[in-house]
Amino acid sequence: MKLYQEENLSAASPSRRRMLGAGAAGTLAAALTLGVSSTANADAGKGAPSGSPNTYDVTAWKIKGHPEVSAQSDIGAVINDIISDIKGRQSKPDSKPGAVIIIPPGDYDLRTQVVIDISFLTIMGSGHGFFSRSIASNVDTTGWLELQPGGSHIRVLTPSATPQAFLVRRNGNPRLSGIVFRDFCLDGVDFVPDQNSYRNGRTGIEVASDNDSLHITGMGFVYLEHALIVRGADALRVHDNMIAECGNCVELTGAGQATIVSDNLMGAGPDGVTLLAENHEGLLVTGNNLFPRGRSLIELTGCNRCSVSSNRLQGFYPGMLRLLNGCKENLITANHIRRTNEGFPPFIGRGNGLDDLYGVVHVAGDNNLISNNLFAFNVPPGNISPAGAQPTQILIAGGDANVVALNHVVSDVASQHVVLDASTTHSKVLDSGAASQVTSYSADTAIRPTP
Amino acid sequence: MKLYQEENLSAASPSRRRMLGAGAAGTLAAALTLGVSSTANADAGKGAPSGSPNTYDVTAWKIKGHPEVSAQSDIGAVINDIISDIKGRQSKPDSKPGAVIIIPPGDYDLRTQVVIDISFLTIMGSGHGFFSRSIASNVDTTGWLELQPGGSHIRVLTPSATPQAFLVRRNGNPRLSGIVFRDFCLDGVDFVPDQNSYRNGRTGIEVASDNDSLHITGMGFVYLEHALIVRGADALRVHDNMIAECGNCVELTGAGQATIVSDNLMGAGPDGVTLLAENHEGLLVTGNNLFPRGRSLIELTGCNRCSVSSNRLQGFYPGMLRLLNGCKENLITANHIRRTNEGFPPFIGRGNGLDDLYGVVHVAGDNNLISNNLFAFNVPPGNISPAGAQPTQILIAGGDANVVALNHVVSDVASQHVVLDASTTHSKVLDSGAASQVTSYSADTAIRPTP
Amino acid sequence: MKLYQEENLSAASPSRRRMLGAGAAGTLAAALTLGVSSTANADAGKGAPSGSPNTYDVTAWKIKGHPEVSAQSDIGAVINDIISDIKGRQSKPDSKPGAVIIIPPGDYDLRTQVVIDISFLTIMGSGHGFFSRSIASNVDTTGWLELQPGGSHIRVLTPSATPQAFLVRRNGNPRLSGIVFRDFCLDGVDFVPDQNSYRNGRTGIEVASDNDSLHITGMGFVYLEHALIVRGADALRVHDNMIAECGNCVELTGAGQATIVSDNLMGAGPDGVTLLAENHEGLLVTGNNLFPRGRSLIELTGCNRCSVSSNRLQGFYPGMLRLLNGCKENLITANHIRRTNEGFPPFIGRGNGLDDLYGVVHVAGDNNLISNNLFAFNVPPGNISPAGAQPTQILIAGGDANVVALNHVVSDVASQHVVLDASTTHSKVLDSGAASQVTSYSADTAIRPTP
C-alpha cells in the first residue's frame with residue numbers, strides 16, 4: 001500500500017501522524033529499561049535448528065546473565081531479548097528480514113511488556129487455545145478437567161503502567177510493516193473486582209504507530225480489557241481469529257485505510273465495543289460472526305466508503321451497529337442482525353445507556369446504503385425502553401441521501417422499521433416495511449412501503 | 001463463547017447435552033483398549049526439538065514396547081500414544097495447554113481410531129494433499145504419474161466398528177475446547193462395492209460431544225463417506241478447506257450456535273449432504289464454493305437466524321438449498337445458485353428422489369428472507385420431472401411471512417420462479433419474476449412482479 | 001474436483017488442454033539444464049530434523065558438488081535440487097506424498113527459475129514480508145530503518161528468458177494437484193526503466209498447465225510485473241494474500257472452474273489487471289479489498305456463472321469492473337465501488353485509454369445481475385472525459401436480459417447511473433436512479449426509477 005499517494009491520508013488525517021502521547025511513551029521507556037542484554041545469544045535459534053538464525057523458539061532461548069528467566073516465567077522478557085538479538089544481527093537497512101518467534105504449546109506468563117519496533121516479525125504459536133473463562137468464573141468448577149485456556153497460551157500479567165502485552169510502535173520512517181501475529185492465545189487471566197466486570201486494564205496487542213500490511217490471524221484472545229488496538233492501519237488484515245470474553249475486541253483507532261476484518265468470531269463485554277473503527281476509508285468488514293455482549297457490535301465513526309456485508313450480529317442493547325460522526329457512503333448489506341435480551345443472571349438489568357428509540361442500527365451521515373439485511377428483534381415488551389414505545393430498528397439520525405432498502409424485520413413487538421429524524425434530507429426508504437412502520441420527520445423522504 | 005448464558009441452548013436444546021449413544025460408546029471403549037502404554041515416552045518431543053515437550057512429530061514417536069508400530073504403519077496408534085503421553089504429563093486442571101502433533105508430508109496408514117479427549121490439541125500437517133480419486137477411478141490410469149492423494153496424507157483404514165479416523169469426545173466438564181485440525185489430508189482410499197458408490201462407512205473427523213471454539217482449516221478430505229461431523233458446536237470455524245469426493249462433507253448435528261463455515265471448496269456424493277446443520281442458531285455460511293454432487297448443498301433443519309450469503313452453489317438435483325422443519329428468520333442472500341444436470345456417465349439417471357416441483361430452493365418455516373440471488377437453471381426438458389411440468393426455483397412449502405425479493409432467474413425451460421403452497425401465510429414476493437412466473441396457492445400473498 | 005465429469009470443460013474449452021507454447025517450453029528446458037544433481041542429498045531433511053525425510057529447510061540444504069550455492073545466493077537452484085531429491089526418493093506413482101520446503105525468514109536471491117512438476121509440494125515461509133517499495137522509490141529514504149521487504153523474502157532476479165520465479169507445469173496425467181504456496185514474500189526488486197513503470201518482465205508464480213486444488217495463501221507479492229498467473233485452474237484457492245505494487249496481481253488464464261479468490265488485499269499498477277479471469281465457470285470472488293491502481297480491478301472475460309460479492313474496490317479509471325466477451329449469468333452484488341482520481345504526482349495524467357462513457361462497471365453479455373452495490377464517484381469535473389459528458393456508472397454495452405437493481409450512486413458530478421446500448425435486449429433497471437439518470441437506447445428496457 002502506498003498510503004501517501006493513493007489517499008493522501010497523511011494530509012487529510014493528521015491523526016495518522018500522531019504518535020503515542022507522553023503517557024504511553026513513558027510506559028515504553030519503562031519497558032525498554034528491562035535491562036536485558038542485546039548481545040547476541042550463543043543459543044540463538046537453538047530451539048528450531050536450521051541453517052537460518054532467524055527462527056527462534058521461546059522455550060529454547062536464554063537471556064544472557066539471567067538464567068532465572070524462562071519463557072514460562074516471563075515470555076515478555078524472553079521475546080524482548082530475542083528482538084534485541086535480531087536488531088543486533090540485522091543492522092543494515094537493506095537487509096532486515098526480521099524473524100519468526102515460535103511459541104510452542106504451553107503456559108507462559110508475560111510479566112514484561114514486549115515492545116516491537118522492527119518490521120517483518122512473525123510471532124507464531126500452534127493453538128489459539130480459547131477457553132471460556134466466563135463460564136468457569138460463574139459456575140462451580142469442582143471436578144472440571146481444565147480450568148484455563150491452553151494452546152500456545154500466554155497469561156498476560158503486565159503491570160498497570162505497561163498494560164499492553166505487545167506494544168508495537170516505532171518513531172521514524174518507514175512505518176512498521178509486515179508484522180504477523182498468528183495462532184497463539186493471549187489471556188488476561190481475570191477481571192477485577194469481579195469476573196463479570198470485563199475490566200483489568202490489560203491489552204493484548206496495541207499497535208500504536210502507523211503501520212502497513214500487518215496480519216493478525218488464527219489468534220485467540222480472552223479476558224482482556226482490550227484485545228487488539230491498531231492505530232493508523234493501512235492494509236491490515238484481522239482474519240480468522242477467536243476474540244471473546246474481552247472488554248473490547250478490535251479497535252481501529254486514529255485513522256486507516258484498505259483494511260479487512262473478516263471471518264472472525266468476536267464478542268465483547270457489556271461496556272465495550274466488538275469492532276470500532278475511527279476515520280477509516282475503504283474498510284471491509286465481512287464474514288464475521290459477532291455475538292454478545294458489546295455496547296456496540298460494529299461502530300464506525302467518521303468512516304467513509306466502508307463496507308459491512310455478510311456478517312452475523314447478535315446483541316443485547318440498542319445501537320448494535322452505528323455509523324457516527326458523519327460517516328459517508330458506507331454500504332451495510334446482507335447482514336443478519338439479531339437483537340435479543342440478556343438471559344445471564346449477572347448481567348440482567350445491564351444496559352448501554354441507550355433506549356430503544358436509538359435504533360438497532362443508528363446512522364448519522366450521508367449517502368449510506370442500508371439494504372438487504374434481516375432484522376430479528378425479540379425483546380420482552382417489559383424490557384423495552386422508554387416503556388410502551390415502539391422500538392426503532394433503523395434510525396437515520398441525520399444526514400443527506402441515505403437509502404434504506406429491502407430490509408426484512410421480524411419482531412415480537414410492534415416496532416418502527418425505519419425512523420428518519422427531522423434533520424435528515426433526501427432519504428429514501430424502499431421495501432423496508434409497511435407505511436405504518438416507517439416514520440419520517442423530514443419532509444423530503446421518499447418512501448415506498450413494502451407491498 | 002458462553003453457551004449457557006447467551007443462548008440458554010442447554011435448556012432449549014436437550015440434544016446438546018446428549019452424548020454419543022451406546023453403540024458409539026462401545027466403539028470408544030474398543031479404541032481405548034488398543035493397549036498402548038500411557039507411560040511417558042523417553043523420546044517425547046524428539047521429532048521437533050525445542051525447549052518445549054509439547055511439540056510432537058509423529059514420525060519421531062515410538063510407542064513403548066511396540067517398536068513395530070510406526071506412523072507409517074498406524075498413525076492412529078501413534079497419535080493415541082502421544083495423547084496418552086500428554087495426559088500423563090499434563091495432569092493438573094489449571095495447566096493443560098495441550099500440544100501440537102505435527103504430521104510431516106508422507107503417506108500414513110490409520111488403522112486405529114484416534115480418540116481425542118483433551119482440549120487445546122492441534123494436529124497439523126503441511127499439505128492438504130487433495131487428489132481426485134474419482135477421476136482416477138473412472139479412467140485408464142496407465143502411465144499416470146501419481147495415483148493417490150499426498151501432502152500430509154492419512155489413509156483412513158479404520159475398521160467398521162470404529163469408523164471415525166478421529167473421534168473427539170469426552171464426558172464431564174468443561175466441554176472440549178480449542179482443538180485444531182489443520183493442513184493435512186484425510187483419505188478414505190476407496191468406495192465399495194464400486195468407486196462411484198461414495199460409501200465405505202469411513203468418517204474423517206467426528207466430534208461427538210459438546211465443544212467450544214474448534215477450528216478446522218486448511219484440511220483436505222477425499223473419499224470418505226463422512227468427512228466432518230460436529231455435534232454440539234459452539235463458536236466453531238470450518239474455514240478454508242478442500243472437501244470433495246466425500247459421501248457427505250460437513251454435518252453439524254444435534255444443535256449449535258455462533259459458527260462460521262467459510263471459504264471452503266466442497267462437493268458431496270450423489271446421496272449425501274454437502275453442508276447440513278441441525279438446530280443451529282446464528283450459523284454463518286459465507287464465501288463457500290459448493291459443487292456437485294450432493295443430494296443437497298446446504299440443508300438447514302430447525303435452524304434459526306442463520307445466514308447463507310455470498311456462496312456459489314452448483315448442483316444436479318432439486319432441493320439444492322433447503323430450510324426444513326420450521327427454520328425461522330434465516331437470511332439467504334447474494335448467492336449464485338446453478339442447477340444443471342449430470343453429465344458423468346456413471347451417475348446419469350441418478351437422482352435424489354425429488355422432482356422439480358420441490359424447488360431448487362425449498363423453504364419450510366417463518367420469516368426467512370430469500371433475496372438477491374441469481375438462479376441459473378439449465379436442465380434438458382426431457383429430464384424435467386414430472387414430465388412437462390414447469391420446474392420450481394423457489395418453493396415456499398409452508399410458514400408465515402417469508403419474503404422472496406430481487407432474485408433473478410435464467411432458465412432454459414419455462415419455470416416458476418416462486419411457488420407458495422396453500423399453507424403459507426403473509427408471504428411477500430417482490431421483483432422475482434413476472435406475474436406468470438409466480439404462483440401462490442395462498443390468499444394473502446403480496447406479489448410485486450418484476451417490471 | 002472432477003473436472004471432466006462435472007463440467008466437461010475439457011470438451012468445452014480446448015484451451016484447458018493447451019500447454020505452454022514453444023517459447024515457454026524453451027524456458028523450461030533452460031531451467032532444467034541447471035545441472036544440479038538428482039542424487040539424494042546426504043543432508044536431506046537436515047534443516048528440520050524429524051523422522052520424515054519430507055521436510056526440507058532451504059537454509060540447511062547443500063547442492064552436491066556445488067558448495068558455493070546457498071539458499072541466500074540462489075534459492076531457486078536449491079529448491080530445484082530439493083525437488084530433484086524428492087523425485088529421486090518418491091518414484092512410485094502410488095506413493096508420492098510430496099514434501100514441505102521451509103523458507104525461514106531471511107533474504108534470498110532467486111537467480112534460477114524453480115520448475116515444479118510434482119504434485120503435493122508445499123513451499124512455506126514464515127512471513128509475507130510486504131514493504132512498500134513504491135513509497136521508498138519516490139521519497140528520500142535517508143535515515144530509513146528498512147529499505148526492502150522482509151519476512152521469508154525472495155528477491156526475484158530471474159533472467160528475461162525464464163522470468164517466472166516459480167513455474168508450475170507438467171505434461172502427462174494427472175493434472176498437478178495439491179500444490180501449496182504460503183507465507184513468504186516474492187519481490188521483484190525494481191521496475192525499469194523507472195520505479196513507476198511497473199515493468200520488469202518478472203513473474204512471481206506461473207502455473208502453466210492444468211491443475212487441481214492449488215492453494216495460494218498468506219503470501220506477499222511486490223514489485224513483480226506479474227504476481228500470480230494460473231492457467232487451467234480447477235478448485236483453486238487464492239486466499240488471504242497481500243499482492244500490491246505489482247504490474248498485474250492475479251491472472252486466471254485459459255479457463256477454469258470452481259475457484260475461490262477471497263480475503264485478499266490487492267492493487268495493480270496503472271497498466272495491469274488486479275484480477276483477471278478468462279473463461280471461468282463458477283468463480284467466486286468475495287471479501288477482497290482491491291485498491292488502486294489497475295487498468296481494471298476485476299475483469300471477467302468469457303466467464304459464466306461467476307459471483308463477485310462483498311468486495312471493496314477503489315480505482316482511478318473507467319472500467320473498474322468489466323464483464324467482457326459474452327459473460328453470462330454472473331452475479332455482481334454487495335460490492336462497494338469507489339471511483340476517484342489519481343493524486344500521486346508520477347501518475348497524474350495517466351489513464352487506461354477509456355473515457356467515462358465506458359462505465360465504472362462495463363457489461364457485455366447476457367443475464368447478469370448487478371445489484372445492491374454502492375457506487376461512490378468523485379472525479380473533478382475537469383478530469384471527466386469526454387469533456388462535459390456525464391460519466392456512466394454502469395454501462396450495459398450489449399446482451400440480453402441483464403438486470404440492474406438497487407444500486408445506490410453518489411457522485412460529485414451529474415452522472416448517468418445506467419446506460420443501455422441499442423444492441424441490448426430485455427434489460428431491466430430497477431431502483432438504480434431517477435428516470436433522468438437511466439438512459440436506454442434499446443426499446444425494450446424495463447425501467448423502474450428509484451422513487
Side-chain angles (χ1 to χ4, degrees), chain B residues 47-49 57 59-60 71 102 104-107 126-132 134-136 138 141 143-153 218 220 240 242 244-245 263 265 267 286-287 289 291-292 309-312 314 334-336 338 343-344 372-374 376 406 408 410 431 450-451, chain C residues 1-6 8 49-52 54-55 93-100 119-120 122 124 170 172-174 177-178 180 212-213 215 217 235 237 239 258-260 262-263 282 284 286-287 305-307 309-310 329 331 333-334 367 369 371-372 401 403 405-406 428 430 446-448:
Chain B
D57 180 326
T59 62
I102 293 170
D107 295 317
S126 294
H128 70 84
F130 182 80
F131 167 90
S132 176
S134 179
I135 292 178
N138 284 287
T141 58
W144 275 35
L145 295 159
E146 295 112 19
L147 291 169
Q148 65 166 350
S152 297
H153 171 222
D240 195 21
M242 174 75 187
E245 302 178 4
D263 293 87
L265 287 164
T286 188
N289 198 325
F291 40 75
S309 59
S310 286
N311 302 285
R312 177 255 178 173
Q314 183 194 2
N335 301 291
H336 195 292
R338 168 63 162 173
F344 179 49
N372 206 23
N373 304 290
L374 194 157
L406 193 42
H408 179 52
V410 49
D431 302 333
T450 312
Chain C
M1 276 301 298
K2 291 168 292 181
L3 176 66
Y4 317 122
Q5 304 155 18
E6 284 153 10
N8 286 311
S50 89
S52 166
N54 296 327
T55 301
D94 62 353
S95 182
K96 292 184 169 181
V100 57
S119 288
F120 315 127
T122 291
M124 179 169 69
R170 186 174 72 181
N173 279 311
S177 185
V180 179
D212 192 12
S213 67
H215 196 192
T217 187
R237 277 172 290 159
H239 177 65
T259 280
I260 297 179
S262 61
D263 293 85
L284 175 60
T286 188
R305 292 165 290 278
C306 298
S307 190
S309 59
S310 286
E329 305 168 22
L331 174 62
T333 195
N367 269 299
L369 174 59
S371 61
N372 205 23
V403 177
L406 192 43
K428 296 181 189 299
L430 311 180
I447 300 175
R448 183 175 70 208

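Letters A, B, ... mirror the listed sequences (proteins, then strands); counts begin at 1.
For the atom pair CG (Leu331(C)) and CZ (Arg338(B)), the distance works out to 14.0 Å, reported to the nearest 0.5 Å. The CG atom of Leu284(C) lies 8.5 Å from the CZ atom of Arg312(B); values are rounded to the nearest 0.5 Å. We find the CG-CG distance between Asp107(B) and Asp94(C) to be 8.0 Å, quoted to the nearest 0.5 Å. Rounded to the nearest 0.5 angstrom, Leu374(B) CG and Ser307(C) OG are separated by 8.5 Å.
Contacts of Val100(C) with chain B are made by both backbone and side-chain atoms, with heavy-atom separations under 4.5 Å. For Ser177(C), the parts sitting under 4.5 Å from any heavy atom of chain B are the backbone and the side chain alike.
When side chains are defined from C-beta on, His153(B) does not count as touching Phe120(C), because their heavy atoms never get closer than 4.5 Å. A heavy-atom distance below 4.5 Å is not found between the side chains of His336(B) and Cys306(C). Looking at Leu430(C) and Pro451(B), their side chains come closer than 4.5 Å, going by heavy atoms from C-beta outward. Side-chain contact between Lys96(C) and Leu145(B) is present, with at least one heavy-atom pair separated by less than 4.5 Å.
In this structure His239(C) satisfies the ring pair (Phe, Tyr, Trp, His ring centres under 6.0 Å) test together with His239(A), His239(B), sequence neighbours excluded. For the side chain to side chain donor-acceptor pair (under 3.5 Å) test, residues two or more places apart in sequence or in another chain that qualify with Asp431(B) are Arg448(B), Arg448(C).
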Worked check of side chain to side chain contact (heavy atoms under 4.5 Å, CB included) between Ser126(B) and Thr55(C): CA-CA 9 Å; Ser126(B) 294; Thr55(C) 301; over 6 Å; no

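In plain terms, the two heavy atoms of Asn373(B) and Leu369(C) that are nearest each other are O-CD2, 4.0 Å. Annotation for Ala405(C) and Leu406(B): closest pair CB-CD1, 3.4 Å, computed over non-hydrogen atoms. Considering all non-hydrogen atoms of both residues, Thr59(B) and Ser52(C) come closest at OG1-N, 3.1 Å. When all heavy atoms of Thr286(C) and Ser310(B) are compared, the pair lying nearest together is OG1-CB, 3.8 Å. Counting all heavy atoms, side chain and backbone alike, Asn289(B) lies closest to Gly282(C) at ND2-O, 2.9 Å. Residues Pro105(B) and Asn54(C) come closest through the heavy atom pair O-ND2, 2.9 Å.
No other option in Ser119(C), Ala446(C), Gly98(C), Ala401(C) has as many heavy-atom pairs under 4.5 Å with chain B as Ser119(C). In terms of heavy-atom pairs under 4.5 Å with chain C, the best-connected choice from Ala376(B), Gly151(B), Gly143(B) is Gly151(B).
Remark: side-chain polar atoms of His128(B) are paired, donor with acceptor, to backbone N or O of Ser213(C) under 3.5 angstrom.
Looking at Arg237(C) and Asp263(B), no side-chain N of the basic residue comes within less than 4.0 Å of a carboxylate O on the acidic one, giving no salt bridge.
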